[in-house]
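Remarks on the structure that follows.
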Amino acid sequence: MLNKSAVFFDIDDTLLDNYSAFKCTLKKYFPDSSIDENHFLGLYRDFRSHSEKIYQRYHEGKVGAIHNYDRWSSVLKRLKVADDSNRIDLDNYYHECQKKQALSVEMTILLQVLKNAGILCGVLTNGFTQQQQTKLDQLKLSRFIDPKWQFISEALGDAKPNVSCFQKVADQLPADITKILYLGDSYRNDIVPALAANWEPIWLNRFGDKDELSVLEVKYNDEAVIELLSRLLSTR
């Protein structure tokens, strides 16, 4: 059964800790602000939502005058910062913090176990090819995942949450693969379309987002590892 299964992963906020990079940035530029954890989470949800919308506009060819650093405007507004002229500096520093992130211990162990078991593993991530490839290299994922199974939306010519994005990946897998597990953090981009494509998603809901469907949900990396291995070994 195991040789008929595949396990795919999202990158941002699944294997790569963007939230820590976000907090790192705000602490750098607003060291005197009294931002508690709940406030950080609220700001990050807004930041993440705007990031996804900006990429979607690029993917649909609706670029216009919008830029990636514009996602900081709403964050600064919620912090009651009137001058948002340093958005580019914030975005650049965010990327510097992001580059310091490494694969967690739990995910490293999981990927090593899956590799040792001979289970096909892959990546399906939204984003620009060069930018996302840098993240894949940073996490050294080729230690565990063959590059031919590392799918980036721009190169794939499709993007989540399109169900077709998942179907295009599935069509390239060996014919004997009958079960595809997918670990992702975004309910809209990862979980809903994965279900529609007949994959088996596990929602790594780090930020306590709300959902409408009853899906397998975990909050921490160790829970994700346990649930993924349990689902992988399930005979259903």
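The chain is numbered in sequence order, starting from 1. In this text, all values refer to a predicted model and were calculated from it rather than measured experimentally. These values consider heavy atoms only, across backbone and side chains, with no hydrogens, waters or symmetry-generated copies.
Evaluation of the ring pair (Phe, Tyr, Trp, His ring centres under 6.0 Å) rule for Phe166 yields Tyr182, Trp199 as partners, not counting sequence neighbours. Every ring pair (Phe, Tyr, Trp, His ring centres under 6.0 Å) that Trp203 has, sequence neighbours left out, goes to Tyr187. Partners of Phe30 under the ring pair (Phe, Tyr, Trp, His ring centres under 6.0 Å) rule, at least two apart in sequence or in another chain, do not exist in this structure.
Applying the salt bridge (Lys or Arg N to Asp or Glu O under 4.0 Å) test to every pair with at least one member in residues 112-135, sequence neighbours left out, gives these pairs: Asp12-Lys135. Under the salt bridge (Lys or Arg N to Asp or Glu O under 4.0 Å) criterion, the residue pairs touching residues 34-45 are Lys23-Glu37, Arg45-Asp209, with sequence neighbours excluded.
Heavy-atom minimum distance, Ile145 versus Gln150: O-NE2, 2.9 Å. Among all heavy-atom pairs drawn from Leu204 and Asp13, the shortest one is CD2-O, 4.2 Å. Minimum interatomic distance between Arg231 and Pro201 (heavy atoms only, all atoms of both residues): NH1-O, 4.5 Å.
Hydrophobic cluster membership of Ile109, counting Ile, Leu, Val, Met, Phe, Trp and Tyr whose side-chain heavy atoms lie under 4.5 Å apart directly or via other members: Val105, Val113.
The residue from Leu110, Leu181, Asp190 that alone fulfils the side chain to side chain contact (heavy atoms under 4.5 Å, CB included) condition with Phe9 is Leu110. The side chain to side chain contact (heavy atoms under 4.5 Å, CB included) with Ile152 is formed by just one residue from the set Gln132, Gln130, Gln131; it is Gln132.
Using a 4.0 Å cut-off between charged nitrogen and carboxylate oxygen, Arg48 and Asp185 count as a salt-bridge pair.
Taking the six-membered ring for Trp and thresholds of 30 and 60 degrees, Phe22 and Trp72 have nearly parallel ring planes, at less than 30 degrees apart.
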